[in-house]
There are 2 protein chains.
Amino acid sequence: MARVRKTVTIRDVAEDAGVSLQTVSRVVNGGPNVRPQVRDKVRASIERLGYVPSLAAQRMSGSRSYIILALNDRERTLADWRERRGTDWVDQMLLGGILTCSRHGYRMMVELVDTHSDHVERELGAALSALQPDGVILTPPHSENRLITELLAARGIPFARIGSDAEGPGIALTMGDEGAAHLATTRLAELGHTRIAMIAGPASYSLSGWRIAGWKRALAERGLPSEGLLEVGDFGYESGTRAARALLDRNPDVTAIIASSDQMALAALEVARDRSLAVPRDLSLISFDNTPIVRFSQPPLTAIDQPIAKTVSRAVEQLIARGQAAEGGAVIEVAAGLVERSSTALAPARA
Amino acid sequence: MARVRKTVTIRDVAEDAGVSLQTVSRVVNGGPNVRPQVRDKVRASIERLGYVPSLAAQRMSGSRSYIILALNDRERTLADWRERRGTDWVDQMLLGGILTCSRHGYRMMVELVDTHSDHVERELGAALSALQPDGVILTPPHSENRLITELLAARGIPFARIGSDAEGPGIALTMGDEGAAHLATTRLAELGHTRIAMIAGPASYSLSGWRIAGWKRALAERGLPSEGLLEVGDFGYESGTRAARALLDRNPDVTAIIASSDQMALAALEVARDRSLAVPRDLSLISFDNTPIVRFSQPPLTAIDQPIAKTVSRAVEQLIARGQAAEGGAVIEVAAGLVERSSTALAPARA
DNA sequence: ACAAGTCTTGAGAACGCTCTCAAAATGTGC
DNA sequence: GCACATTTTGAGAGCGTTCTCAAGACTTGT
């Protein structure tokens with residue numbers, strides 16, 4: 001009954017290979033200056049003994065922690081999660097991150113932090129002290145939270161801001177919101193729509209502004225109007241219902257709506273159903289996000305696919321590559337695509 | 001330009017409070033034998049300096065790692081994720097786990113491991129060596145993977161098996177699959193249905209057997225037939241389509257179907273639509289899981305809500321409480337509930 | 001063949017914490 | 001007020017790694 005096999009340490013390997021501790025360390029970390037012959041011998045011992053360095057020890061000895069911390073908005077995440085509205089963002093981020101991290105020998109950890117709390121500094125500070133991550137990934141709305149970015153900058157921890165293209169500290173990664181909105185709008189225009197409305201996200205997210213800009217630019221390019229065709233929601237279902245109602249009340253002639261989140265699009269779909277507007281016959285609908293819920297609605301929604309996983313993956317790579325260099329300035333764009341399903345069609349013939 | 005503020009260590013606190021290192025450690029860990037007066041003084045210093053123990057150092061010094069590792073099936077997870085089918089299980093697990101962990105000063109880490117690979121031992125072994133978690137949470141199908149449970153038992157790491165009620169090593173947590181299926185079946189019978197079919201999951205998951213058992217028990221209690229009313233899928237959408245077709249081809253008189261996953265239920269819904277069977281007028285549908293996608297389908301589906309988050313939460317608590325005691329035997333049940341939406345109705349009048 | 005390099009190796013300290021064990025302080029019973 | 005038990009405190013080692021720096025083993029040029 002072999003209980004609790006003692007952990008294999010670097011010392012065991014050194015002994016087994018007949019070299020010093022330090023040499024093993026060099027081999028493990030791909031250091032230069034090791035004779036091929038010695039390297040192979042050590043590798044063989046590592047293999048045989050099944051040695052894997054302890055993350056904790058590595059961290060202790062002042063080197064990297066091999067941990068990337070991903071920060072999400074606690075309030076929003078928990079609300080979406082408790083009400084079973086789906087937390088796809090977390091999924092995308094977690095999985096995209098995990099995969100890329102593991103490819104580089106890193107680990108990803110997810111942390112929920114409140115945006116609106118004045119405990120931000122305390123909570124985040126605690127997480128940073130405890131984990132000492134090599135990099136931090138910020139998602140909206142944290143990406144634009146001064147308290148957070150400054151805290152990270154002060155501590156000298158490299159970080160990436162996702163969904164934020166403002167130049168500033170850290171690496172910024174945008175998903176091309178202006179272009180995506182332009183793409184969606186243009187597609188609708190091509191289908192013959194002339195009254196194309198938008199339900200935008202809150203102004204506190206800079207991506208909301210970019211999406212509105214893209215929509216307006218596409219409309220302007222074709223001489224289409226935008227007046228009265230903009231409503232603002234908070235990305236949530238209820239706000240989508242309110243916005244869609246207001247929009248249709250004010251503009252009975254609207255034939256296409258772009259919603260800034262799947263939830264709001266689904267709400268618009270429901271409003272349309274209530275008013276006996278068939279989608280896509282009477283009303284075309286395009287949503288932002290492309291989370292699983294829009295694949296199974298009736299009809300399935302055409303959506304702008306937010307490449308969150310890919311973006312997070314890029315962020316991880318950047319963070320790992322940059323190492324200690326927390327200098328800012330870089331802005332990376334990962335373009336979104338349009339996934340056409342069944343909620344878009346030719347504009348109805350004019351009445 | 002204050003760069004990289006040096007980390008606050010236990011030594012700084014000790015100095016500040018004018019006590020020894022060891023005393024601070026005792027206060028931090030709630031050790032006994034510290035005078036209230038001294039404790040308060042130390043606490044004040046901790047507060048003032050913003051001290052938070054380093055996870056790595058804690059781990060190093062031979063105590064706990066404060067990390068709980070959650071294992072998921074890589075193959076299934078990645079497939080669901082890449083195809084945008086939703087990975088709600090991961091969400092539930094991650095969020096339920098994170099919340100409970102943080103309440104106890106722990107952290108949760110998610111790891112994807114292939115079930116079918118013979119690398120299991122290597123992959124898992126590496127993760128365990130690197131992370132040295134205080135506990136591991138296994139989800140189906142890992143919960144019943146001998147290689148994995150034995151590896152964990154051999155290393156003396158406490159672990160919880162979710163969705164598995166077989167007695168065995170580690171703590172078993174079941175979500176009462178037999179009872180849940182019984183509940184769903186009974187509810188349908190109460191609505192007047194007499195031909196109640198089931199699309200079960202694969203036999204390799206023991207929960208599939210339990211669900212079938214619950215369904216059969218409920219039918220037997222009311223003298224209803226089960227012959228020819230069982231189909232097996234693999235939880236995925238396509239398999240649901242096949243199963244539903246086979247079922248309806250063979251039994252045109254079926255008026256109710258219980259599907260063992262949301263994906264399969266949605267597939268059945270689509271099959272019904274193809275055959276002009278109105279749900280719930282002609283066919284009632286109940287699914288298992290209650291992931292976000294079934295809230296937004298048309299009609300929204302009645303579903304057995306799998307309390308994954310709660311179960312993981314319980315698992316975390318158990319693991320933390322048990323500490324080093326990896327003894328097995330315990331079986332904990334967290335009951336599932338039925339969420340009624342619009343896919344269930346009174347059985348249609350007999351033709 | 002010798003001095004001056006360059007490449008390879010190893011010894012020892014350090015990281016921040018908890019553990020063990022002994023010393024100091026306090027309390028108790030008579 | 002003294003011997004003893006008990007509580008409280010601190011000193012020092014140790015956890016598994018990497019870092020710094022010096023020593024040893026080869027080259028090379030002359």
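What's counted below: heavy atoms across the whole structure, side chains too, no hydrogens, waters or symmetry copies. We name chains A, B, ... by the order of the sequence lines, and we start the count at 1 in each one. Since the model is a prediction, treat every value here as computed from it, not as a measurement.
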Exercise. Using modelled atom types only, decide if a donor and an acceptor are shared between the side chain of A:Arg64 and the backbone of A:Pro133 within a distance under 3.5 Å.
Key: no
Quiz item: On DNA chain D, nearest-nucleotide positions of A:Ile10 versus B:Pro36: which is more 5'?
Solution: B:Pro36
Self-check item: Separation of C:dG16 P from B:Gln58 CD (nearest whole Å)
Solution: 13 Å
Quiz prompt | Short side-chain to backbone donor-acceptor contact, B:His116 and B:Glu75, under 3.5 Å | solution = no
Practice problem: Using heavy atoms and a sub-4.0 Å distance, could you list which residues of residues 18-30 of chain B are near DNA chain D? By number, please. | Solution: B:Val19, B:Ser20, B:Gln22, B:Thr23, B:Arg26
Exercise. Can you tell me the distance, in whole Å, between the CG atom of B:Asp12 and the P atom of C:dC17?
Key: 9 Å
Quiz item: Going by an N to O cut-off under 4.0 Å, is there a salt bridge joining B:Arg122 and A:Glu47?
Solution: yes
Quiz item: To the nearest Å, how far apart are A:Arg59 CZ and C:dC17 P?
Solution: 11 Å
Exercise. Could you list the residues that satisfy salt bridge (Lys or Arg N to Asp or Glu O under 4.0 Å) with A:Asp114, not counting sequence neighbours?
Key: A:Arg74
Quiz item: To the nearest angstrom, how far is B:Leu55 atom CG from D:dG16 atom P?
Solution: 18 Å
Quiz item: Considering only side-chain heavy atoms of A:Arg35, which listed nucleotide, C:dT9, D:dT17, D:dT9, is closest?
Solution: C:dT9
Practice problem: With sequence neighbours left out, write down each residue that passes salt bridge (Lys or Arg N to Asp or Glu O under 4.0 Å) with A:Asp16, or none if nothing qualifies. | Solution: A:Arg48
Exercise. Could you state the atom-to-atom distance from CG of B:Leu131 to C1' of D:dT17 in whole Å?
Key: 16 Å
Quiz item: Between C:dG16, C:dC7, D:dG16, which one does the side chain of A:Asn33 approach most closely?
Solution: C:dC7
Quiz item: In whole Å, what is the span from the CD atom of B:Glu15 to the P atom of C:dG16?
Solution: 13 Å
Self-check item: Of the listed nucleotides D:dT18, C:dG16, D:dT9, the one nearest the side chain of B:Ala57
Solution: C:dG16
Practice problem: Measure from CZ on A:Arg11 to C1' on C:dA11 and round the result to the nearest Å. | Solution: 12 Å
Quiz prompt | A:Arg314 bridged to A:Glu333 by N-O distance under 4.0 Å | solution = no
Self-check item: Touch class at under 4.0 angstrom, heavy-atom based, for A:Tyr66 against every strand present
Solution: nothing
Quiz prompt | Exam field: side chain A:Thr77 to backbone A:Asp73, donor-acceptor pair closer than 3.5 Å | solution = yes
Quiz prompt | Atom-to-atom span, CE of A:Met60 to P of D:dT18 - whole angstrom | solution = 13 Å
